[in-house]
Every structure is written in C-alpha cells, then in structure tokens.
Amino acid sequence: METVVSGVRPTGNLHLGNYFGAVSNFIAMQSEYNCFFFVADYHRLTTHLGQKNPLKEDVYQIVAEYLACGLDPNKCTLYVQSDLPETAELYLLLNMLAYKGELEKCTTFKDKVRQQNTNINAGLLTYPVLMAADILIHKANKVPVGKDQEQHLEMTRNFAKRFNHHYDCDIFPEPQAFSFNDSLIKIPGLDGSGKMGKSEGPNNAIYLFEEESLIRKKVMKAKTDSGPQSANSTLSEEMQNLFQIMQAVSSSDTYEHFIKAYANCEIRYGDFKKALAQDIINFCAPIREKIKEYSADKDYIKRILNLGKEKAKESANKSIKEVRSMIGFHS
Ligand code: TRP
C-alpha cells in the first residue's frame, strides 16, 4: 500500500473552505492509503514563536476539529510533529544537502521576506527542508497538497534524489503531489473575492465551530450584486461565489430554485441568504457539536496523539536508522 504524508500548521480554526478542501481529501484517503497526518507545530515556530501563543491549546484544538470532521485514528496515523524528533534529525542531515541559493529562490520564502521582514530567521529559510524531512521520514509516495506547496514538494524530490545519489542508494522514493485542487469543490469567501481564508478578515470565512447566530449574521452581510439586470444575465462574481457555497451545502432542489429565480429576475436576496444561512448551519451544527465534545475531552485527545506517536515512531525509526548507517555514523 502506498504511503501518504501531510501536515497542517496549527495556526487557525477550520472553516468551510478547509472542510471541502484538504479535510475531505484526508478523510477520503485514510481508507485507501497508509496515511500519516500530523500537526506541524515545529513549522508554526517559523512565524509564531512559542510562549506568547498557546501552542499546546492550538494543537489540541486542531486535532479536535479534524476528529470532528471524520478523521479516524484507527485508519490513519495522527500525530504531532514535535513528538517525532527523528524528523528533526533528518532535517539536520538534509540541511547539509540543501543549497542556500535554492532556498532563497523559493517563492514562499520570498513572500515571507516581503510580509514579515522583522524576523527572517533560518527556520523560515529552511522551511522546505523540514517539510522534506516530514515527508521522507515515512518514505511517502504521495503528498496531498495545494498548488501553493508544489514547489516545496519539488524541492523534496530534489533532496531525496541528492541523498540517494550521494550515498549511492535508493532509500527515498520521490514523492508525488496528490493535487486535489482540481477535483474538489472550491469554496469562495463571503466578501465577493477569491477563496475562503482566515487572512481575508473575520467576515470572509465561516468556521466550523461557529454558533448559528454568527453564521447567520455573516451570511446576511455577504457581498451580493445589485440584482440581475435582465433575464438570463450571467451571474456576477459575487453571486457566483455564494451559489458555489450553496451548491456545496444545500440540496440540488434549493440550488436549482434560486438559480432559476436569478435567471427570471425574481430572486430576492433576503430569501436566498436566509436559505443559504440555514443550510450552512445545518451542515456545520453536527460538526460543531463534535468539536465541542472532543475539545472538552483533552485526555482522549492526548491518548489519540500518544497512539499516533507510537505508530509514527515505528516508521520514522526505521528510516532514520537506514539514513544514519548510509551516512556512516559510528553507531
Ligand atoms: N507547508 C504545509 C502548509 O503550509 C504544511 C506542511 C508541513 C506539510 N510539512 C508538511 C504538508 C509535509 C505536507 C507534507 O500547508
């Protein structure tokens, strides 16, 4: 069975866009592959140093949210990155094979330099090396990532090839992107532009844990146009976005009803938004209840993470032993 690895940084709560993106993809993959999913808390330190930020709480919260969405710790290995120091060791060793020039050329690094110019630390520069270590420590064949991470994956393949070549071995497979961007429903934001995301302000995204009244408020405030101008006029971008969300959460009858109403110029945006809000609420409510249950039970979360740690260690240990012996350490 092929091995899959993916990580998420604990820097925010899950929203509908995450649900229909990465999360549903993980859930589909867990039964078909040998999956390692982890919370990338080391990576978080590249932008959010510890102490002032409640790292542990954020880790437990994101685990609670993933479990609530249906990630099953009996089907996949769910663990925390910092529970696997083998990853850190492999990162150190891969750093010797990573060139300063290629790291500086990386798009995500250049973006960070532009946005975060007060703390350009070495961790940020070597972010792709740590990510490569996450992937190679389990000898992954597939990595489900969005388009924005494909360059990191390309670098991972280069480090793997370089290691294999340098030590004249073939211990690392070249991991391929499992790109779900094309096949999955994209959920746009509520502000009329782009995709749903936490960086676009608090009213752009609907979080899975949010209470009904807040969801309703956000949907009622969502950007629309000034109404269809004529019969069968094409959907404005704002309405196209809202219809796309409706398509994901509502029945096809509801969706068709409002699409027709738009085409006939009979649509009333108040009714449309009420229906959309209600269907989002119906969709999120059971997940929200499960999030509450899981986040109230820290002992359970800790037990799950310990189990994951043991399973992940087994796989990581094997790889790091091989690597150490290839390099020629004395023990
Ligand atoms: N860089 C990824 C992101 O921001 C998170 C990540 C860290 C990751 N290590 C990984 C993803 C390994 C896949 C595999 O989304």
Side-chain angles (χ1 to χ4, degrees), residues 2-15 17-19 21-27 29-30 33-48 55 58-59 62-63 65-66 71 76-92 94-95 98 103 106-112 115-116 121 123-160 172-181 184 195-199 308 312 315-316 319:
E2 284 193 311
T3 297
V4 166
V5 169
S6 198
V8 286
R9 276 172 300 138
T11 52
N13 298 95
L14 294 180
H15 51 64
N18 297 131
Y19 183 90
V23 180
S24 51
N25 208 61
F26 285 6
I27 288 164
M29 292 185 107
Q30 65 183 352
Y33 298 93
N34 177 27
C35 289
F36 293 90
F37 297 131
F38 66 93
V39 183
D41 57 348
Y42 283 148
H43 271 114
R44 177 170 123 144
L45 300 181
T46 62
T47 53
H48 301 62
L55 181 57
D58 285 359
V59 169
I62 197 152
V63 170
E65 296 194 353
Y66 268 92
L71 212 68
C76 65
T77 302
L78 179 60
Y79 69 99
V80 181
Q81 190 182 30
S82 64
D83 272 338
L84 218 59
E86 290 84 350
T87 302
E89 184 175 355
L90 183 57
Y91 161 66
L92 179 149
L94 292 176
N95 266 324
L103 297 173
C106 179
T107 317
T108 48
F109 177 69
K110 289 197 289 193
D111 285 347
K112 275 286 178 296
Q115 300 156 6
Q116 181 183 312
N121 55 65
L124 215 47
L125 180 68
T126 56
Y127 185 114
V129 188
L130 180 54
M131 182 159 160
D134 293 326
I135 296 166
L136 299 177
I137 198 73
H138 300 301
K139 302 190 179 184
N141 312 97
K142 285 199 163 70
V143 184
V145 286
K147 287 260 179 299
D148 61 325
Q149 298 292 315
E150 275 179 7
Q151 193 181 20
H152 290 163
L153 204 55
E154 179 73 48
M155 293 168 86
T156 302
R157 284 192 287 273
N158 288 336
F159 300 144
F172 293 128
E174 286 177 38
Q176 303 302 319
F178 189 90
S179 195
F180 46 76
N181 274 8
L184 289 186
K195 62 176 202 182
M196 188 171 278
K198 61 175 187 290
S199 46
S315 144
S319 310

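Numbers here simply count residues along the sequence, with the first being 1. All ligand and atom numbering here is 1-based and tracks the order in the structure.
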Discussion item. side-chain contact (heavy atoms from CB on, under 4.5 Å) for L84 and Y79? Distances and angles first, verdict last.
Written reply: CA-CA 9 Å; L84 218 59; Y79 69 99; 3.6 Å; yes
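The shortest N or O to N or O distance between H152 and ligand 1 is not below 3.5 Å. Any N or O atom pair closer than 3.5 Å counts here, and R9 shares at least one such pair with ligand 1. Residue contacts with ligand 1: S6 is placed with no nitrogen or oxygen under 3.5 Å of a nitrogen or oxygen of the ligand (distance criterion only).
Nearest to atom 2 (C) of ligand 1 among the protein's heavy atoms is Q149 OE1, 3.3 Å.
In this comparison of I135, D134, T11, the heavy atom closest to atom 14 (C) of ligand 1 sits on I135. Nearest to atom 8 (C) of ligand 1 by heavy atom, out of A40, G7, P128, is G7.
By the criterion of a heavy-atom distance under 4.0 Å, neither the backbone nor the side chain of F178 is placed next to ligand 1.
The two residues R44 and P10 come nearest to each other via the heavy atoms NH1-O, 2.8 Å. Smallest separation of non-hydrogen atoms from P128 and L103: CG-CD2, 4.4 Å. The two residues Q30 and C35 have their closest heavy-atom pair at CA-SG, 3.8 Å.
Side chain of H15 to main chain of G17: a donor-acceptor pair is present (N/O by atom type, distance under 3.5 Å, no hydrogens or angles).
Using the six-membered ring where Trp is involved, Y33 and F178 have ring planes that are perpendicular, over 60° apart on the 30 and 60° scheme.
Atoms of ligand 1 lying under 4.0 Å from any heavy atom of H43, numbered from 1 in the order shown and given with element: 7 (C), 9 (N). Residue-ligand proximity, V143 to ligand 1, at heavy-atom distances under 4.0 Å covers atoms 13 (C), 14 (C).
Within a 6.0 Å sphere centred on NZ of K139, heavy atoms belonging to other residues, nucleotides or ligands number more than 12.
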